[in-house]
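Below you'll find the structure, written out as structure tokens, and then a few comments.
Numbers here simply count residues along the sequence, with the first being 1.
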Amino acid sequence: MTLDVEQASEESTDTLLERITRQVPHLRRSEQRVAAIVLDDPVSAAQFTMAGLAEAAEVSEPTVMRFCSSVGCEGFQDFKIQLAQTLALGLPVTHSSITADDSPGDVAEKIFDHTISSLDRARRTLAPAAVEKAIAAILDASDILFVGFGASGVIAQDAQQKFPLFGVPCQAPEDFHQQFIAATMSGPRSVTVAISNTGHTEQTLTVARAAHKAGGTVISLTGRTSPLSEMADVPLIVRTFEDTDVYTPSTSRLAGLVVIDILATGVALRRSPEHTAAVRRMKSELAAMRQSDDTGEDPS
């Protein structure tokens with residue numbers, strides 16, 4: 001996928017507030033005043049009449065209409081409908097919106113809103129074709145190597161725990177040298193899932209290149225187009241509202257965990273009935289073990 005096509009795809013799934021934010025530099029100065037009112041307090045903006053929004057922005061009603069058209073709306077009523085739909089998902093606030101004056105309840109509300117809207121953005125922008133290709137590659141895999149560092153390493157460890165669903169041997173070594181050794185030992189049916197939200201982590205890139213050079217398939221899991229996604233056979237782009245140059249990844253980590261669940265479930269659903277029966281038997285025996293731990297009885 002070229003950068004232009006990818007950008008067009010991303011824009012087609014943007015919410016109204018995302019489009020307004022992106023369009024601000026390209027708007028007329030008078031339209032920017034309308035945008036400022038909407039972005040500063042979108043909840044209140046959703047209650048405005050056209051005359052009320054024009055008065056608040058100190059512009060004319062025709063300017064408000066031009067603004068609506070500039071951000072992709074078919075008139076003022078369509079603008080209000082799209083704004084209401086966006087607000088229903090929760091405000092895409094960032095952690096910088098949290099202040100020292102916020103109560104614990106305010107902090108909880110803002111973080112929930114940020115997480116919900118970020119996960120929704122990931123859902124809207126994740127390419128179904130790429131997910132399908134990743135599932136197909138894993139179904140054909142002889143083994144899977146999950147690699148990542150820091151918060152991305154947490155995703156790799158979670159993925160390794162789902163090996164019964166993937167149905168093939170999985171590993172997620174934490175040590176860089178062990179990751180590199182495993183990657184260089186890749187075979188033609190080996191799959192390496194390289195995880196890095198920025199896509200610039202040098203150690204992850206080194207491991208991914210080694211796996212690629214050895215003849216394996218590389219699936220990348222990143223938050224944007226990056227060196228890692230560009231060298232991968234199957235790039236999965238998982239966009240959130242998070243700036244990981246400032247904050248340790250949190251919502252991006254949650255989105256990554258969701259994508260791993262999608263891959264594991266998608267693969268498990270396409271495995272043989274015998275594999276499904278084996279997974280169910282394993283879960284049943286685990287449940288029996290937990291019950292015996294509670295009662296002190298021998299599960300046999």
### Query
Quick check: are there more than 12 heavy atoms from other residues, nucleotides or ligands sitting under 6.0 Å from CZ of F163?
no

### Query
Is the closest side-chain heavy-atom distance between L139 and R271 below 4.5 Å?
yes

### Query
CZ/R19 to SG/C73 distance, rounded to the nearest 0.5 angstrom?
5.5 Å

### Message
For the CG atom of L126 and the CG atom of L221, what is their distance to the nearest 0.5 Å?
### Response
9.0 Å

### Pairs where residues 152-174 contributes a residue and the test salt bridge (Lys or Arg N to Asp or Glu O under 4.0 Å) is met, not counting sequence neighbours
D158-K162, K162-D261

### Message
Assigning hydrophobic clusters by single linkage (Ile, Leu, Val, Met, Phe, Trp, Tyr; side-chain heavy-atom cutoff under 4.5 Å), is L16 placed with M50?
### Response
yes

### Summary
Only residue of V259, I195, V193 satisfying side-chain contact (heavy atoms from CB on, under 4.5 Å) with L236 is V259

### Task
Kindly work out whether a path of hydrophobic side-chain contacts (I/L/V/M/F/W/Y, heavy atoms less than 4.5 Å apart) joins V238 to I262.
yes

#### Entry: Charged N-O contact under 4.0 Å between E202 and R209
yes

### Task
For the residue pair L145 and S190, establish whether any side-chain heavy-atom pair is separated by less than 4.5 Å.
no

### Message
Counting C-beta onward and ignoring hydrogens, is there a side-chain heavy-atom pair between N197 and R253 closer than 4.5 Å?
### Response
no

### Task
Say whether, by atom type as modelled, one donor and one acceptor occur between the side chain of E61 and the main chain of A54 under 3.5 angstrom.
no

### Heavy atoms from other residues, nucleotides or ligands near CZ of F176 exceed 12 (cutoff 6.0 Å)
yes

### Task
Rounded to the nearest 0.5 Å, what's the gap from CD1 on I116 to CD1 on I111? Could you check?
12.0 Å

### Query
Heavy-atom distance under 4.5 Å between the side chains of T192 and S186, does that happen here?
yes

### Query
Does a sphere of radius 6.0 Å around CD in E55 hold more than 12 heavy atoms from other residues, nucleotides or ligands, not counting ones at 6.0 Å or beyond?
no

### Query
Under the side chain to side chain contact (heavy atoms under 4.5 Å, CB included) criterion, do L53 and V59 qualify, and how do the steps go?
CA-CA 9 Å; L53 182 55; V59 298; over 6 Å; no

### Message
Nearest 0.5 angstrom please: F166 CZ to Q160 CD, how far?
### Response
10.0 Å

### Query
Step by step, would you call L269 with T265 a side chain to side chain contact (heavy atoms under 4.5 Å, CB included)?
CA-CA 6 Å; L269 288 173; T265 303; 4.0 Å; yes

### Query
Any side-chain heavy-atom pair from R281 and S284 closer than 4.5 angstrom?
no

### Heavy-atom closest pair, residues S229 and I237
CB-CD1, 3.9 Å

### Message
If the test is side-chain contact (heavy atoms from CB on, under 4.5 Å), which one of I144, V267, I138 qualifies with V168?
### Response
I144

### Task
To the nearest 0.5 Å, tell me how far T86 OG1 sits from I20 CD1.
8.0 Å

### Task
Grab the two heavy atoms, one from P164 and one from M282, that are nearest each other, plus how far apart they are.
CB-CE, 3.7 Å

### Task
Using only heavy-atom distances, determine whether the side chains of T63 and R66 contain a donor-acceptor pair under 3.5 Å.
yes

### Task
Would you tell me whether S117 and D120 have side-chain atoms, one donor and one acceptor, within less than 3.5 Å of each other?
no

### Task
Answer yes or no: is there a donor N or O on one side and an acceptor on the other, between the side chain of D106 and the main chain of D102, under 3.5 Å?
no

#### Entry: Verify same cluster id: F146, L205 (apolar side-chain graph, 4.5 Å)
no

### Task
Report the C-alpha separation of H212 and D233 in whole Å, then their side-chain angles, then the decisive distance to 0.1 Å, and conclude whether the side chain to side chain contact (heavy atoms under 4.5 Å, CB included) test is met.
CA-CA 9 Å; H212 209 272; D233 299 291; 3.1 Å; yes

### Nearest heavy-atom neighbours spanning G148 and A156
N-CB, 4.2 Å

### Summary
Note: S196 and L228 closest approach over all heavy atoms is CB-CD2, 3.9 Å

### Task
Determine whether V207 and Q203 make a side-chain contact, defined as any pair of heavy atoms from C-beta on separated by less than 4.5 Å.
no

### Message
On a heavy-atom basis, which atom in T240 and which in A255 lie closest, and how many Å separate them?
### Response
CG2-CB, 3.8 Å

### Query
In Å and rounded to the nearest 0.5 Å, what is the CZ to CZ distance from F76 to F79?
6.0 Å

### Message
With a 4.5 Å cut-off on side-chain heavy atoms, are Q171 and Q178 touching?
### Response
no

### Message
Could you check whether any side-chain heavy atom of L39 comes within less than 4.5 Å of a side-chain heavy atom of V24, counting everything from C-beta outward?
### Response
yes

### Message
Does H26, at its NE2 atom, have more than 12 non-hydrogen atoms belonging to other residues, nucleotides or ligands within less than 6.0 Å?
### Response
yes

### Task
Consider only side-chain heavy atoms of I, L, V, M, F, W and Y, link residues closer than 4.5 Å, and tell whether V71 and V38 are in one cluster.
yes

### Message
Looking at every non-hydrogen atom in both residues, tell me the closest pair between A46 and K80 and how far apart they are.
### Response
O-CE, 3.1 Å

### Task
Test L263 against I135 for side chain to side chain contact (heavy atoms under 4.5 Å, CB included), laying out the working first.
CA-CA 6 Å; L263 296 179; I135 290 173; 4.0 Å; yes

### Task
Could you tell me whether a side-chain N or O of S220 sits under 3.5 Å from a main-chain N or O of T222, the two making a donor and an acceptor?
no

### Query
Are L83 and M65 co-members of a hydrophobic cluster defined by side-chain heavy atoms under 4.5 Å apart?
yes

